[in-house]
Amino acid sequence: SWRPTSRLRVTAVVRLDGADFRPLQWVPHTGVAVRLIDRLWLDANVGRGFRDPGFDELFLVGPGIRGNPELRGESGWAWYTGLRYAKRWGIAELVVFGQRYERLILWVPESAYEIKARDDFGAHVLGLESRVALCSRGSAGSSWRTPSSSLRGLSAANCGRARSRT
C-alpha cells in the first residue's frame, strides 16, 4: 500500500492464480481509504474474483444428480464503499456493497428426474451492511451485525483504532 499523506492510503494488488486444469487467472484488487475527520474514514474497494468448480460440481453422479466436467469457473467483480467511525467505546460502520457475477455455477433441472451443474448464469447483488462493535476496558467487546453474513470483517480487538482496511 502507498500512503501519500497521513489521511490517505491507496492499495493495489494483482494476484496470478494457476491450476493444472485451467489457464492462469489475473485477479486485480484496488482500494482507497480517506480519513475525513479525526476518526471518520471513507473506504472504497473494487476487485475481480473467481471460484473454480468443486469436485461434486464436476464429477458427482448419483440418483437424479449429475456433475458437469465441462464447467468453467465462476467469475465476477465486487466492490464496496463505506464509512467507519472508531472511538475508545467502539466502532460504527455503514457499508454499501455490490457484486456482479458474469458466470455463476448453479444446479438446475435437466429433466423431471435429474439436476445438473451448469455455468451459464449471471447475477447482480446490491446490499447495505451496518455494524456496531462496543468495547469495554480489558475486553474485546461485543458486536451486532446486519446482515449476519459479511463479505469482510473487522475484528472487535481493533476497538478504538481508526485504521484503514485497504
Side-chain angles (χ1 to χ4, degrees), residues 1-55 57 71-106 119-166:
S1 73
W2 173 54
R3 290 192 81 133
T5 72
S6 64
R7 300 176 80 79
L8 175 66
R9 175 183 284 172
V10 179
T11 302
V13 177
V14 176
R15 186 179 87 222
L16 183 60
D17 195 296
D20 294 341
F21 54 89
R22 65 162 164 75
L24 293 175
Q25 296 279 329
W26 291 93
V27 187
H29 173 89
T30 188
V32 102
V34 179
R35 186 174 56 194
L36 301 175
I37 57 175
D38 184 38
R39 294 181 181 262
L40 181 65
W41 287 84
L42 173 67
D43 293 337
N45 285 274
V46 65
R48 184 148 184 85
F50 76 97
R51 182 185 73 84
D52 290 323
F55 186 82
E57 293 166 328
L71 287 177
R72 301 165 294 165
E74 294 181 339
S75 64
W77 290 87
W79 62 269
Y80 76 84
T81 187
L83 292 169
R84 183 178 70 256
Y85 184 75
K87 284 289 260 185
R88 215 178 272 174
W89 55 263
I91 299 166
E93 293 180 292
L94 184 62
V95 176
V96 176
F97 63 90
Q99 295 174 309
R100 181 185 181 116
Y101 294 97
E102 297 152 355
R103 189 169 45 249
L104 190 61
I105 298 171
L106 295 174
D119 64 8
D120 51 354
F121 298 95
H124 300 251
V125 176
L126 184 62
L128 180 67
E129 176 181 283
S130 62
R131 177 173 188 228
V132 175
L134 301 176
C135 299
S136 61
R137 280 189 266 161
S139 74
S142 302
S143 67
W144 297 268
R145 184 180 295 253
T146 305
S148 60
S149 61
S150 172
L151 297 178
R152 55 177 186 61
L154 178 64
S155 168
N158 288 334
C159 286
R161 297 184 194 153
R163 296 186 310 159
S164 164
R165 283 173 305 208
T166 62

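We use all heavy atoms of the structure for the numbers below, so side chains are in, but hydrogens, waters and symmetry mates are not. Keep in mind it's a predicted model, so treat the numbers as computed, not measured.
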Within-4.5 Å side-chain heavy-atom neighbours: Leu134 and Val132: yes
Could you tell me whether the side chain of Trp79 reaches within less than 4.5 Å of the side chain of Asn45, counting heavy atoms only?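 A side-chain contact under 4.5 Å is absent here.
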Which atoms form the tightest heavy-atom contact between [X] and [Y], and what is the distance?
X     : Y      : result
Gly73 : Pro53  : CA-CD, 3.7 Å
Ser6  : Trp41  : O-CH2, 4.3 Å
Trp77 : Pro28  : CH2-CG, 4.0 Å
Arg72 : Ile105 : O-CD1, 3.6 Å
Arg39 : Ala86  : CD-O, 2.7 Å

Say you draw a straight line from [atom1] of [X] to [atom2] of [Y]; how long is it, rounded to the nearest 0.5 Å?
X     : Y      : atom1 : atom2 : result
Arg51 : Glu57  : CZ    : CD    : 4.0 Å
Phe97 : Leu128 : CZ    : CG    : 8.0 Å
Leu24 : Arg15  : CG    : CZ    : 12.0 Å
Leu42 : Ile37  : CG    : CD1   : 12.0 Å

Within the side chain of [X], is there an N or O that forms a donor-acceptor pair under 3.5 Å with the backbone of [Y]?
X      : Y     : answer
Thr81  : Asp43 : yes
Arg84  : Ile91 : no
Ser130 : Val95 : no
Arg48  : Val27 : no

Indicate yes or no: does Arg22 engage Asp17 in a salt bridge with an N to O separation below 4.0 Å. yes
Worked verdict on Leu16 versus Trp26 for side chain to side chain contact (heavy atoms under 4.5 Å, CB included): CA-CA 5 Å; Leu16 183 60; Trp26 291 93; 3.7 Å; yes
